[in-house]
Structure formats: C-alpha cells, structure tokens
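Please read these numbers as outputs of a predicted model, since none were measured by experiment. For the numbers below, each heavy atom of this structure counts, side chains included, while hydrogens, waters and symmetry mates do not. One is the number of the first residue; the rest follow in order along the sequence.
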Amino acid sequence: MNTRFHLLTLALLFTIPLYARDKTDVMVMTNGDRLTCEVKGLDAGVLYVSFDYIDGTASVNWTKVARLESNQLFVVKTEGGVVYTGSLRTPDTPADRPVKIQVLALEKEDVLDRSQIVEMVATSDRFWQRFNGEVALGVIYSKGNQSTQYSLGSQTAYVRERWTALAGFNSSLASSSGTSASTRNSFNFGGRHLLPWNNWFYAGLGAFLQSSEQGIALQSTVGGGIGRYFKNTNRTNISLVFGPAWQSTDYQQSAVPINHQNVAAAIFYGQAQFFKFSKTNLDVAATLLPALSDPGRLRFNANASYYIKIVSNLKWNLSFYGNWDNRPPPGFSGSDYGTSSGLSWTFGLK
C-alpha cells in the first residue's frame, strides 16, 4: 500500500503540465516604473508576475503597485470574504487617495480598495491551469551507524470562484543498522465552499494515516462542518472548522487481540498562516477529535511548516508533525511526532 501511495503521488505531481499564457499585462509601480508582464496571482501580500526576459517568477510587494491592467480572468477575494470574478483595471485616482482596483465582469464592474484585496487567482476554462501547489523533499544519511532518513511532502489546490479543493501527501522513513525502519504516511484531502455570509464557509475533510510507531496499519477519518475565517489579510490567515466526524482504525497484529476500532467524534480543525513579504511564512494546522462514542478519549494531530525563500520557486523548509491519543489500545504507543527539513518547489500561482 505504501509503495502505491508513493507511485500515485509522484505520478500526479510530475504529470501536471506547466503552462504559459500569451496575454500581456501592465503593472505600474508607486515610483513610476511601468512594466509589461504576465500577472499570475496575489497571495500573502505578494503579487507574482513573470517577464519574457527574466527566467522564473518575480515577487512584487502588493503595497507598491499603483496600477494594474490585465485582460486575464481572475478570482478576486477580499479581506471581508467577498469574491469577485473578472479582468482587472485601475481607475484614475488622485495621488492622496487609496489605490482602487476595478474587477470587470461581463455584466458589471466592481471597484475595490487595493488594501482590501488579499488574494487573486488567475482562472481559466482549461482544467490544468487551475492548480497550485508545492513539492518538498529532505534526505539525511550517516555512514557511521548506517542511518537513513527521508521525508517527502506535496500539496496541491484546485481553485474555482467560490470553492477550493485541496489534497496533501506526507511520507517519512527513519532506519539505522540493527533496528526496524520507522515509517509514517499520510494523505489528506478536503474542500471548502463559501457561504453567502462574509467569511463563512462549509467544508469537508478526510485523511488516511499509517504509523508504525503507533501500530496503526490504516486510520481513515472523514468529517465536515461549518467554518469561519477569523482573520484574512495580506499578513495573516486564521480559520476554524467544526462539525461531526467518523474515524476507523486498523491496528497491526499484537499480543492483545484488537485489530479494529470505529469511533464517532466531533472535529475541530484550525489553520493559521503568517506571512512576511516574499521571504518567510509559517503554516500551522491542527485537528482535535473528542470521541462521542467513547467519552473521555481525545485524539489530536498537528502539522507546522516554516519556509524561507532561497530563489525564485525554491524554498528551504523546517517541518513538524505530531499525533496523540490519550487512550490507545493496551500495548500501543499513544504518540508519534518528529521533525524534518529540506527543499520545496512551488508550481502554479507561485
């Protein structure tokens, strides 16, 4: 099963075609510089653009952009949670007034303050041009004790006007001479759809986990509920989802005759992202599962990643993962946690 996970994930990642648009956009900076480019999108206070004469994607401080003209179709999200779709224009604005951005659709146009825009994603009628994501890899080897450690991670997002689908895969292995290898593989997926009320959405979540440390052969989790963005700016994004969940766990063979458990639970899923212009960002996600069918039992898992940009789409990352169960079956560990570091490469928007 683990081998199939690896092959499927790698196939998905490396068969997604890279694409280029032939549209010409215009960007004018606050210092008067006028640049012809291709606007790829806005995320975490960074406007991503590409130039015919520069290799790779350039990162531009969104607060330094005075004008933006693009005939491409964008999904534009504001700090208040409202979503617009259309091409982009900048109306004439007095020098002492905030910069405005027009979002032009077929039937109407909306004028927004630049400071209120927190995300812009170039969309298309072509399926492959809606994906964004990253791939991360880290490897450590020591000859002294024949020790090998590796970590592989990937995540991708499929963006539409009012909904987003997400998927992520993480795998780690640690082995040394004279000991059994320790493995952990997880696959997470989910989707969000914005509700009519600003910053509210409903979401579905799912996860598969294998952990040799906790004796888990396969743990399947499915849940969903209502969520809200508590903060959504060009520097910070914080959201919370709560609702019902179902968890099924198959354990490895042991002296204690317990191979399978089913638990009905509530789910609380929180995510926080903190950004610093085109240099560093911190992503933290945590899930709490208080069991309803087994009162008093709590399961908790957390993932955190800190990224530092090296050049273009290449970053160095330091990651942490952890899983805890306050009432594991007899003879099984109640925790599994670890850290890793390596390089990550982003594709799509970034």
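- Of all the heavy atoms in Ser70 and Ser87, the pair that sits closest is O-CB, 3.2 Å.
- In this model, a donor atom of one side chain and an acceptor atom of the other lie less than 3.5 Å apart for Arg89 and Asn71.
- Rounding to the nearest 0.5 Å gives a distance of 10.0 Å between OG of Ser59 and NZ of Lys40.
- At least one side-chain heavy atom of Cys37 sits under 4.5 Å from a side-chain heavy atom of Val39.
- Using bins of under 30°, 30° to 60° and over 60° for the plane-to-plane angle, the ring pair Tyr202/His193 lands in the parallel bin.
- Once rounded to the nearest 0.5 Å, the distance linking CZ of Phe208 with OG of Ser248 reads 10.0 Å.
- Smallest separation of non-hydrogen atoms from Gln214 and Ser333: CG-O, 3.8 Å.
- Taking every heavy atom of both residues into account, Ile117 and Trp62 meet most closely at O-NE1, 3.6 Å.
- Residues Pro91 and Gln102 approach most closely at CD-CG, 3.7 Å, considering heavy atoms.
- Counting heavy atoms from C-beta on, the side chains of Gln210 and Thr183 come closer than 4.5 Å.
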- prompt: Given Lys77 and Asn232, is the side chain to side chain contact (heavy atoms under 4.5 Å, CB included) satisfied, shown in steps?
  reply: CA-CA 10 Å; Lys77 297 182 181 181; Asn232 188 19; 5.6 Å; no

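- A donor-acceptor distance shorter than 3.5 angstrom exists from the side chain of Thr90 to the backbone of Leu68, with no hydrogens or angles considered.
- Val118 and Tyr84 are not part of a single hydrophobic cluster, where members link through side-chain heavy atoms under 4.5 Å apart.
- Between the Asn185 side chain and the Ser171 main chain, no donor and acceptor come within less than 3.5 Å of each other.
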TODO: Check step by step if side chain to side chain contact (heavy atoms under 4.5 Å, CB included) holds for Leu152 and Phe169.
DONE: CA-CA 8 Å; Leu152 171 67; Phe169 173 79; 4.2 Å; yes

- Task: Could you go through the side chain to side chain contact (heavy atoms under 4.5 Å, CB included) check for Tyr321 and Ser172 one step at a time?
- Result: CA-CA 10 Å; Tyr321 70 84; Ser172 62; 4.0 Å; yes

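- Rounded to the nearest 0.5 Å, atoms CG (Leu209) and OG1 (Thr221) are 8.0 Å apart.
- Considering only heavy atoms from C-beta on, Leu298 stays 4.5 Å or farther from Trp324 through its side chain.
- Between the Asn326 side chain and the Gly296 main chain, a donor and an acceptor come within less than 3.5 Å of each other.
- Atoms OG and CG, from Ser335 and Asn323 in turn, are 9.0 Å apart once rounded to the nearest 0.5 Å.
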Hey, mind stepping through Asn281 and Lys315 against side chain to side chain contact (heavy atoms under 4.5 Å, CB included) and telling me if it holds?
CA-CA 10 Å; Asn281 61 286; Lys315 297 179 181 179; 3.7 Å; yes

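- Linking ILVMFWY side-chain heavy atoms closer than 4.5 Å, directly or via other members, places Leu205 and Ile226 in two distinct hydrophobic clusters.
- Put simply, the side chain of Gln72 does not reach to within 4.5 Å of the side chain of Leu88, judged on heavy atoms.
- In this structure, Leu166 and Gln155 have side chains that are not in contact, with every pair of non-hydrogen atoms separated by 4.5 Å or more.
- Cluster annotation: Phe187 and Leu218 are assigned to the same hydrophobic cluster (Ile/Leu/Val/Met/Phe/Trp/Tyr, side-chain heavy-atom contacts under 4.5 Å, transitive).
- When all heavy atoms of Ile238 and Ala272 are compared, the closest pair comes out as CG1-CB, 4.2 Å.
- Between Phe320 and Tyr306, the distance separating the two ring centers is not shorter than 6.0 angstrom.
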What's the verdict on side chain to side chain donor-acceptor pair (under 3.5 Å) for Asp113 and Ser115, showing C-alpha distance, side-chain angles and the deciding distance? CA-CA 5 Å; Asp113 285 346; Ser115 60; 4.9 Å; no

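- For the atom pair CG (Asn317) and NZ (Lys309), the distance works out to 15.5 Å, reported to the nearest 0.5 Å.
- By the rule that hydrophobic residues join a cluster once side-chain heavy atoms approach within less than 4.5 Å of another member, Tyr337 and Leu288 end up as members of one cluster.
- Ile267 has its side chain out of reach of Val241: every pair of non-hydrogen atoms, C-beta onward, lies at least 4.5 Å apart.
- In this structure, the side chain of Thr78 does not engage the main chain of Gln116 through any donor-acceptor pair within 3.5 Å.
- Note: the hydrophobic cluster containing Ile310 also contains Leu318 (ILVMFWY, side chain heavy atoms under 4.5 Å, direct or indirect links).
- Nearest heavy-atom pair, Ser211 versus Asp336, reported as atom, atom and distance to 0.1 Å: OG-OD2, 2.8 Å.
- The line from CZ of Arg228 to CZ of Phe242 is 10.5 Å long, rounded to the nearest 0.5 Å.
- Here the side chains of Phe51 and Leu35 are in contact, with some heavy-atom distance below 4.5 Å.
- The side-chain contact (heavy atoms from CB on, under 4.5 Å) with Leu194 is formed by just one residue from the set Asn199, Thr164, Val83; it is Val83.
- Side-chain contact between Lys64 and Leu47: absent, with no pair of heavy atoms (C-beta onward) separated by less than 4.5 Å.
- In this structure, Phe332 and Tyr251 have tilted ring planes: the angle between them lies in the 30° to 60° band.
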